[in-house]
Amino acid sequence: MPELPEVETYVRELEPALQGRTVVSAVVSWPRIIAAPAADAFAARIVGQQFVHFGRRGKYMLVGMTQAGVAGDTLIVHLRMTGRLIVYDSPTEANKHTHVVLGLADGGQLHYQDSRKFGRLWLVTDPATVVAKLGPEPLQSTFTPAILQEKLKGRSAAIKALLLDQSIVAGVGNIYADESLFRAGVHPTRAGGELTAAEVTRIAEAIRTVLTQAIDQKGSSLGDSGLQNYLRPSGELGGYQQAHAVFQRTGQPCLTCGHLIERIVVAQRSTHFCPHCQA
């Protein structure tokens, strides 16, 4: 968490809040949050740059900037588990989880908060230095059943583990791998290279459908040890957790057949499936 739908929601909701605003100050209170350049260089370099373009690659937010009308850097943000970006219209006191504060020319602020400090920020001239390793975007034409089957060819690892590999398909994580495999009717431990063309087609189509539906619902908000792993920039919850068919539904009846949802561990990740629908 967050995965592609949650990051896409962030991009769409941050754009109207930040578009055209200029950074006039930067304070980094936890330097390790900054992946590149060094924290002091990051703070100095981002001042004077203006937010102009908002995009996404896999689970990464890509925010293009300009300076004095000339193309500037790209701010890349990976929220990991508990990262949040919050836009304030006036100066706001940082709390104990606020690690980066960007002051804006109109008096507002952009705060990066992260209770677990797993998230990372980059400020780079070329985004490819961070995201070139990623596989195809599942909602674009570059992702097809044929391409997915080629990437799975000869692979003995479980299909669940392979879907978590960001070089195979970008942006799919634990939640949406489970939900997609349920929709496709494929058991999560099946070897990727042994799947039939029909099964791979079902998986590719299920990934597109599940991700699209999750984006429409502003992502999935899940609690973990008293923490809310994902909140939208507004502080509101996403809604797709209400539509989960298997994820975190261990012991509950399958919504399709009534058999109890089971949980196993695949690639060190909790994995949820229906033993009947995904036999």
Side-chain angles (χ1 to χ4, degrees), residues 1-4 6-89 91-92 94-134 137 166-167 170-171 230-233:
M1 280 291 291
E3 302 178 27
L4 186 154
E6 292 76 37
V7 178
E8 181 67 24
T9 299
Y10 253 85
V11 169
R12 294 183 183 188
E13 295 191 359
L14 284 175
E15 183 170 8
L18 287 175
Q19 179 70 48
R21 301 173 82 172
T22 300
V23 178
V24 295
S25 65
V27 175
V28 179
S29 56
W30 185 262
R32 290 174 59 185
I33 288 289
I34 309 301
D40 55 351
F42 173 96
R45 204 162 103 188
I46 200 169
V47 171
Q49 299 204 52
Q50 182 182 50
F51 299 107
V52 293
H53 176 72
F54 296 79
R56 179 194 53 74
R57 184 74 173 92
K59 301 177 186 179
Y60 296 81
M61 276 181 272
L62 308 178
V63 184
M65 309 186 82
T66 62
Q67 189 163 19
V70 178
D73 291 313
T74 298
L75 175 64
I76 302 179
V77 182
H78 197 307
L79 298 172
R80 299 281 169 85
M81 291 186 68
T82 56
R84 290 189 64 200
L85 287 170
I86 306 173
V87 181
Y88 295 104
D89 290 331
T92 301
N95 66 26
K96 66 179 182 179
H97 299 309
T98 302
H99 308 305
V100 180
V101 176
L102 302 181
L104 306 177
D106 54 11
Q109 290 180 334
L110 175 64
H111 288 202
Y112 176 78
Q113 298 180 353
D114 194 338
S115 59
R116 293 186 172 177
K117 300 179 180 177
F118 291 159
R120 292 295 181 265
L121 281 68
W122 295 256
L123 191 66
V124 297
T125 56
D126 182 7
T129 60
V130 178
V131 300
K133 60 188 177 183
L134 297 177
E137 285 289 323
Q166 299 300 292
S167 69
Y230 163 72
L231 296 173
R232 295 159 54 192

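Nothing fancy with the numbering, it's 1 onward along the sequence. Since the structure is predicted, the reported quantities are computational estimates derived from the model, not experimental observations.
Checking side-chain atoms of Q19 against main-chain N and O of V52 turns up a donor-acceptor pair under 3.5 Å. Proximity of a side-chain donor or acceptor of S29 to a complementary backbone N or O of H99 within less than 3.5 Å is detected. The main-chain N or O of D73 is found under 3.5 Å from a side-chain atom of Q49 such that the two form a donor-acceptor pair.
Shown here are the side-chain hydrogen bond (donor to acceptor under 3.5 Å, both in side chains) partners of R56, two or more places apart in sequence or in another chain: E8, E137. Take T98 and apply the side-chain hydrogen bond (donor to acceptor under 3.5 Å, both in side chains) test, not counting sequence neighbours, and it matches N95, Q113. Applying the side chain to side chain contact (heavy atoms under 4.5 Å, CB included) rule to T92 yields the partners Y88, Q109, H111; only residues at least two apart in sequence or on another chain are considered. Partners of V24 by side chain to side chain contact (heavy atoms under 4.5 Å, CB included), not counting sequence neighbours, listed by chain and number: A105. Qualifying side-chain hydrogen bond (donor to acceptor under 3.5 Å, both in side chains) partners for R84, counting only residues two or more places apart in sequence or in other chains: none. Here Y112 pairs with D114 under the side-chain hydrogen bond (donor to acceptor under 3.5 Å, both in side chains) rule; sequence neighbours left out. The ring-ring contact (aromatic ring centres under 6.0 Å, His included) check on F54 picks up nothing, with sequence neighbours excluded.
We find the CZ-CE distance between F51 and M65 to be 4.0 Å, quoted to the nearest 0.5 Å.
Of all heavy-atom pairs spanning A170 and L4, the tightest one is O-CD1, 3.7 Å.
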In residues 34-43, what donor-acceptor pairs under 3.5 Å come from side-chain atoms, sequence neighbours left out?
none

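Each salt bridge (Lys or Arg N to Asp or Glu O under 4.0 Å) pair with one or both residues in residues 58-70, not counting sequence neighbours, would appear here, but there are none. The stretch residues 121-133 participates, sequence neighbours left out, in no salt bridge (Lys or Arg N to Asp or Glu O under 4.0 Å) pair at all. Residue pairs meeting the salt bridge (Lys or Arg N to Asp or Glu O under 4.0 Å) criterion with at least one member in residues 14-35, sequence neighbours excluded: R21-D106.
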